[in-house]
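Read through the structure below, which is laid out as structure tokens, and then see the notes.
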Protein chains: 2
Amino acid sequence: MQDRKIITMEHGAGGELMQALIKNTVLKNFSNKTAGRVGLDQLDDGATITFDQTEMTGEIVVTTDSYVIKPPVFPDSDIGRLSVSGTINDLAVMGATPLALTCALILPDGFKVELLERIIKSMNTAAEEVNVPIVTGDTKTIEKRGLDSIIVNTTGIGFANTIIQDSGLQAGDSIIINGFIADHGMALLLHREKLDLSAELISDAAPLWNMIESILSIKGPDGKPVVTAMKDPTRGGIAGTLNEMAKKSGNGIIIEENAIPVRSSVFSACEMLGIDPLEVANEGKVIIGVKSNYTEQILSVLKKHEYGINSAVIGKVTGDHKGKVLLKTKIGSLRYVNIPSGELIPRIC
Amino acid sequence: MQDRKIITMEHGAGGELMQALIKNTVLKNFSNKTAGRVGLDQLDDGATITFDQTEMTGEIVVTTDSYVIKPPVFPDSDIGRLSVSGTINDLAVMGATPLALTCALILPDGFKVELLERIIKSMNTAAEEVNVPIVTGDTKTIEKRGLDSIIVNTTGIGFANTIIQDSGLQAGDSIIINGFIADHGMALLLHREKLDLSAELISDAAPLWNMIESILSIKGPDGKPVVTAMKDPTRGGIAGTLNEMAKKSGNGIIIEENAIPVRSSVFSACEMLGIDPLEVANEGKVIIGVKSNYTEQILSVLKKHEYGINSAVIGKVTGDHKGKVLLKTKIGSLRYVNIPSGELIPRIC
């Protein structure tokens with residue numbers, strides 16, 4: 001069976017062509033493929049995950065995400081890095097050690113095998129960073145008139161002794177973010193619209209488990225993490241995520257415009273295009289609620305990590321303004337931060 | 001926020017419209033949504049799964065599948081029933097009790113909410129049959145020119161004390177199938193091509209866990225299941241699946257044409273269209289390898305189940321013809337059954 005450089009519908013029939021594509025493009029480029037007795041190389045109907053039974057005082061955590069992004073490859077990142085990072089981060093914000101990932105690909109007829117290979121390699125690099133195997137997958141093809149770009153679904157399985165919920169914020173908690181907001185969304189928007197407002201703008205998708213693991217190890221007198229809630233502010237930006245965290249916790253959040261890390265280039269681009277940076281999608285970012293007397297300790301641990309150097313305390317949780325988010329502006333006034341509704345900017349995550 | 005009857009791109013922005021769609025269409029129609037402390041209703045970044053720690057002598061099993069099927073709704077079934085059944089069956093053939101499912105939807109701009117609701121209800125019915133909760137999910141939208149129909153990805157998490165692998169066949173084993181082959185593929189093909197060759201033909205997608213659980217409970221003197229290998233013959237038909245099982249086990253398989261259950265209407269339609277029923281996709285079917293002296297016992301248990309009434313022994317495993325599948329034809333000659341290659345019939349699973 002000869003190698004083909006373009007995906008065709010024949011790949012989708014469950015025969016030898018698909019087997020060859022999977023072996024030469026997927027299996028070859030994933031370096032860590034087992035979490036138990038049956039791994040990806042066996043190409044069985046699924047995979048198995050073994051883990052230390054003595055740890056079984058917690059719960060398994062599962063999360064799933066489909067990624068649709070155009071273009072699928074963009075400056076300094078691609079849908080592969082985005083998907084693995086996003087799924088790792090969804091496990092991480094729930095306090096779960098990632099155990100394994102799945103990789104389900106949907107390829108349009110005519111998609112270049114070279115591009116697929118780049119995406120697979122990126123998935124592998126991101127998974128390797130946090131030492132998580134990709135253990136099972138699925139590959140389907142669709143005719144070109146039915147789909148115009150690759151779709152990647154990743155599901156993550158993890159394990160947590162203490163589950164962190166996005167509803168966990170308590171009055172008095174500090175709100176921390178691990179770096180500049182709106183980089184990913186603006187980088188992608190500018191790239192797609194072929195606007196070159198700044199060379200500095202790159203997508204910052206990254207798997208945050210190593211960093212989050214280190215802050216979860218900081219525990220209070222009750223032996224539990226001093227982190228009370230976490231959530232990754234992707235679609236809807238930090239405006240959407242903070243509102244969800246406020247609403248679910250039944251508390252209010254007050255953030256300070258002066259304290260929110262925004263690159264000046266991003267700020268300018270947002271101003272020029274009339275976009276609120278609070279509503280722009282992020283990747284590689286996490287909003288963290290922390291018991292207030294541990295704020296500085298958590299901040300200093302975050303700042304030691306590659307993905308946390310620009311961490312900042314951006315606000316606090318209050319028992320007032322229940323379910324609402326308020327912004328203290330640079331001139332000192334207070335305004336509500338609303339939940340973004342509708343399609344504000346082109347799809348970027 | 002008013003209800004909308006058509007999916008629009010605004011649903012994809014991560015805001016209130018999407019929240020309303022998920023609440024009114026997805027959450028409302030799933031009846032079993034928790035497997036641990038955090039379930040689907042919480043709409044957290046993922047879900048948790050608790051299970052009996054005393055069972056922890058085995059492994060977690062994970063499987064993923066994306067479903068792309070046109071039309072997404074067809075006589076007596078739809079992509080919803082297909083996806084849940086397929087994922088349950090992938091866990092089941094590995095010997096795993098299903099613990100939880102995920103549901104990731106990709107919706108094209110313009111998709112009818114009414115159709116989505118029907119699909120969600122079908123997912124729920126199939127999941128309820130085997131008592132498996134749908135615990136977490138993801139919903140994305142794509143503009144119409146990028147995607148022309150719904151895509152469903154389901155990932156299943158299970159637990160197995162004894163993993164059954166598709167490589168487990170041993171010389172002497174019997175090969176059993178739980179009913180008529182090629183029903184699903186031909187039903188869909190005829191429906192799509194608007195050919196009405198028979199009113200009898202309907203898709204037979206079904207979640208097989210209850211049936212498979214009962215045959216796994218039959219154990220040999222070593223305390224292990226007498227089932228040696230299982231696999232569901234979807235894409236590539238039983239030709240593809242038997243070849244994979246033969247190759248992986250390092251043994252040969254001889255099947256008897258006379259013994260393979262094919263409805264006469266399906267056989268005629270295949271003849272007319274020049275299609276080999278062995279290569280037609282199935283749903284709701286499983287190929288089972290069994291230690292030979294337990295063949296009748298397993299068969300009688302299968303026949304008691306709704307989805308196993310037409311079960312039949314179709315062949316046996318041999319130490320000869322390693323990695324190959326042979327068909328003993330109705331006239332007594334032997335021929336190789338090849339792995340289907342390329343796109344034989346339109347995509348149907």
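Nothing here was measured: the structure is a model prediction, and the numbers come from that model. Chain letters run A, B, ... following the sequence lines, proteins first, then strands; residues in each count from 1.
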I151(A) side, atom CD1; I151(B) side, atom CD1 - distance, nearest 0.5 Å: 3.5 Å
Specify which of D44(B), T63(B), L43(B) makes the most heavy-atom pairs with chain A at under 4.5 Å. D44(B)
K70(A)/I142(B) under side-chain contact (heavy atoms from CB on, under 4.5 Å): CA gap, chis, key distance, verdict: CA-CA 10 Å; K70(A) 289 164 201 171; I142(B) 303 192; 3.6 Å; yes
For chain B, the option from D166(A), D148(A), D45(A), T64(A) that forms the most heavy-atom pairs under 4.5 Å: D45(A)
Measure the spacing between CG of D138(A) and CG of D65(B) and express it to the nearest 0.5 Å. 4.5 Å
Where on K248(B) is there a heavy atom nearer than 4.5 Å to chain A: the side chain, the backbone, both, or neither? side chain
Distance col, row S66(B):OG vs L107(A):CG, nearest 0.5 angstrom, shows 10.0 Å
One option among Q42(A), K231(A), R145(A) has the most heavy-atom pairs under 4.5 Å with chain B, and it is K231(A)
Heavy-atom distance under 4.5 Å to chain A: side chain of T155(B), backbone, both or neither? side chain
Between chain A and each of G156(B), A35(B), A47(B), A104(B), count heavy-atom pairs under 4.5 Å; write down the option with the most. A47(B)
Do L147(B) and V68(A) touch side chain to side chain, with heavy atoms closer than 4.5 Å? no
Region of I106(B) in contact with chain A, defined by heavy-atom distances below 4.5 Å: side chain
V62(B) and its side chain to side chain contact (heavy atoms under 4.5 Å, CB included) partner, picked from T48(A), V62(A), V38(A), I49(A): I49(A)
Let me know if I163(A) has heavy atoms under 4.5 Å from chain B in its side chain, its backbone, both or neither. both
Is the shortest heavy-atom distance from the side chain of N153(A) to the side chain of K140(B) under 4.5 Å? no
Against chain B, work out which of G137(A), G46(A), S149(A), C103(A) has the most heavy-atom pairs shorter than 4.5 Å and name it. G46(A)
Is a side-chain N or O of E59(B) found less than 3.5 angstrom from the main chain of R37(A), in a donor-acceptor match? yes
Among residues 88-102 of chain A, residues within the sub-4.5 Å heavy-atom range of chain B, in order of number, are D90(A), V93(A), M94(A), T102(A)
